[in-house]
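Residue numbering restarts at 1 for every chain, and letters A, B, ... go by the order of the sequence lines.
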2 protein chains.
Amino acid sequence: MGRVRLIDVAELAGVSMKTVSNVVHDYPHVAPALRTRVQAAIDDLGYRPNLTARRLATGRTGMIALAIPEIDHPYFSELSRRIAEEATRRGYRVLIEQTLSDTVAEHAVLKDREAGLVDGVIFHPVRMDAIELATVHKDTPLVLLGEAAIPSTTDHVMIDNVAAAKEAAQHLLALGRRRIAFLGVVDGDITVSTNRRLVGYQQALVEAGIELDPDLVLTVRDFSPESCADATRAALARGLRFDGVLCRDDKFALGALQGLHRSGLAVPEDVAVIGWDDTALASYTLPTLTSIAPDKPRLAKVTLDLLEERMNGHQGVGRHRLVPHSLTFRESAPELPR
Amino acid sequence: MGRVRLIDVAELAGVSMKTVSNVVHDYPHVAPALRTRVQAAIDDLGYRPNLTARRLATGRTGMIALAIPEIDHPYFSELSRRIAEEATRRGYRVLIEQTLSDTVAEHAVLKDREAGLVDGVIFHPVRMDAIELATVHKDTPLVLLGEAAIPSTTDHVMIDNVAAAKEAAQHLLALGRRRIAFLGVVDGDITVSTNRRLVGYQQALVEAGIELDPDLVLTVRDFSPESCADATRAALARGLRFDGVLCRDDKFALGALQGLHRSGLAVPEDVAVIGWDDTALASYTLPTLTSIAPDKPRLAKVTLDLLEERMNGHQGVGRHRLVPHSLTFRESAPELPR
DNA sequence: CAGAAAGTTTACAGCGCTGTACATTGGCCC
DNA sequence: GGGCCAATGTACAGCGCTGTAAACTTTCTG
């Protein structure tokens, strides 16, 4: 336990508490002799500043909350890591909060700031929409991620989903595929992300002069790879034919790979597959998975840039940043030879 | 910002701060009339207690640290989720800390408690050994996970690695496999976990009257699936033959699946594969992966039981708990028909 | 109905730190 | 030598909350 207090050090060194504090904080105007004496006392006693007291006195916590749907989803765990590392670099700690896509939990997210637990919040909402967010969020430094809610009043970072989906579909087209499926729309739970990606997919096809076939937009039961595998097999079983699949995320793509394999189709020979998020999963599969790759380090950097400005008092309308993306080519939809 | 303070509520309601505090804490002996009046004032003003101040006054933070090597490793992110959920159930929040298997970072883990950031620490060490831990850890409530360091003085939770490895190997034997490889030993970085698992593997073979072949213990470059795939292919290429592989974790197993596939071998027909940790990965692969499954909910529960007792002042020697494990059967090493 | 017991409320001293205001010292310039 | 400024150090009032002790009320008991 941090039994040793500032005043204990001060007494041992024969100085005031404030001087010890100054030494701890590397305040420049401390006489060298004194500094060493105080430092010796600190080391002697094994003094550690009590962060709670410091926080109360300063009003700053040095912590930021990261609220995500699930910590054990590959994309979010990779994102968490990036953000935690970027935050550490800037002297903050990250408190990860799981919402489990639950409305109540999402509403609770912003309370943390009110309770003085954190200085700012990074929030990837699923349920809350722009209006709810705009009303709840008053003066909490907040940066939103994802596409679910984009209130104009709040800072927000994402990739250009439409463009990314379009580029992926265009790559499939460039590979000579003409019957391209989209996997998938979760039954009764169509998210904004899915929507944007679907739009990009459609744009690519239309611009290539291909008629849209609604049957090629597959519907799945839920967000599990299993349901995607089932949907893929079911589609093939009822006679639907396609030679390319654009998936809304890597887990969906794994489901597609399983479904195709079990239906006796070869990837990429018979069907090319593209995933989304470029998580570690993409290199673990058979065949390895071509995937849309958001620039995660950049995402972390931009997000923290915005948040830090807000925490430093920046006021004003919401800033909206697009972060670059690219296509990471692997076996399931190989790069074009040139 | 939580501008509203306890005293503001008190003044509005015309009572003392302490009475408001009592209402906030549901202290039973508050006159009903007063309680409603105070509650109204709280609601009116939108009062939220300042947790930092509370912590300073009580000396409790309500937080526990979870220090793990990597947040984006599937096993650790699943573990984090379990532990966070169990902790939430008990009224704690979890502060996740990445050590990246770095010695310095591991040593820093215990400082958090000293700084009063958390009430207790759950720590999965990689580098620190029992002796270091025993000396550093004085009176911080601490529970260790994993097999790296087991100082007798500290509470510790793990599964029986030797037994689990033995059972897995025995399952491969029961499937009629006789040439069983172990994947693998990381070159120059053999961990205690790997060692325990290797021992169990060897016990099973010896008890089955099979002579140990050191060549069957494969060496890999690092902890990536890629290096495991390479090691598998290289082994096959140099003429090594085997019909079963026991892997030290699921990521290694994914590498094995890739390597076997690329070498033209079928799983499980030619070679049966068993992974370790039963992470989500295991159901995503082709074929799906049989894996040793630690009872993660139980692990979380036991860990928090121990930690809570320590945080409540329990003294005494380290308690060492084994948590149950089982084998989750999937395609790569199917369950025996009966 | 006195006295004890239980219920209810308050005042206030910290928790350990930092920010501010202020005191002291020494160096430098004319 | 006086005056001024920068450097150095200190005292102390909070930050917002809770625990303790004590005051005051009401209820119960014989």
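- Ring pair B:His124/B:Tyr75 is perpendicular by interplanar angle, where above 60° counts as perpendicular and below 30° as parallel.
- Residue order along DNA chain C, read from the 5' end via each residue's closest nucleotide, puts B:Thr58 first among B:Thr58 and A:Ser21.
- Here the side chain of B:Thr19 is nearest to one of D:dT8, D:dC17, C:dT9, namely C:dT9.
- If you check D:dG16, D:dG9, C:dA11 against the side chain of B:Ala53, the one that comes closest is D:dG16.
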**Asked** Do A:Arg82 and A:Glu78 pass the salt bridge (charged side-chain N to carboxylate O under 4.0 Å, His left out) test, and can you show the C-alpha distance, the side-chain angles, and the key distance before you say yes or no?
**Response** CA-CA 6 Å; A:Arg82 299 289 186 181; A:Glu78 289 176 28; over 6 Å; no
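- When each of C:dC17, C:dT9, D:dT10 is scored by its nearest atom to the side-chain atoms of A:Arg54, the top-ranked nucleotide is C:dC17.
- Of the candidate nucleotides C:dT8, D:dC15, D:dC17, C:dT8 has the atom nearest to the side chain of B:Ala31.
- Of the listed nucleotides (D:dT10, D:dG14, D:dT18), D:dT18 has the atom at the smallest distance from the side chain of B:Leu6.
- A sub-4.0 Å separation between OP1 or OP2 of D:dC17 and a side-chain N or O of B:Tyr47 is present.
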**Prompt:** Would B:Asp119 and B:Arg55 count as a salt bridge (charged side-chain N to carboxylate O under 4.0 Å, His left out) if you check the C-alpha gap in whole Å, the side-chain angles of each, and the deciding distance to 0.1 Å?
**Reply:** CA-CA 11 Å; B:Asp119 298 331; B:Arg55 288 171 180 184; over 6 Å; no
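- For C:dT18, the OP1/OP2 oxygens have a side-chain nitrogen or oxygen of A:His25 closer than 4.0 Å.
- In terms of heavy-atom proximity, B:Val15 sits nearest to B:Arg37 at CG1-NH1, 4.3 Å.
- In this structure, of C:dC15, C:dC17, C:dT20, it is C:dC17 that holds the atom nearest to the side chain of A:Asn50.
- Of the side-chain N and O atoms in B:Arg60, none sit less than 4.0 angstrom from OP1 or OP2 of D:dC17.
- Taken over five-pair windows at either terminus, the axes of the helix from C:dC1-D:dG30 to C:dC30-D:dG1 are inclined to one another by 30° (rounded to 10 degrees).
- As judged by a 4.0 angstrom heavy-atom cut-off over every strand, B:Leu51 is placed among residues making no nucleic acid contact.
- Between A:Met17 and A:Leu34, the residue anchored nearer the 5' end of DNA chain D, judged by the nucleotide with its closest heavy atom, is A:Leu34.
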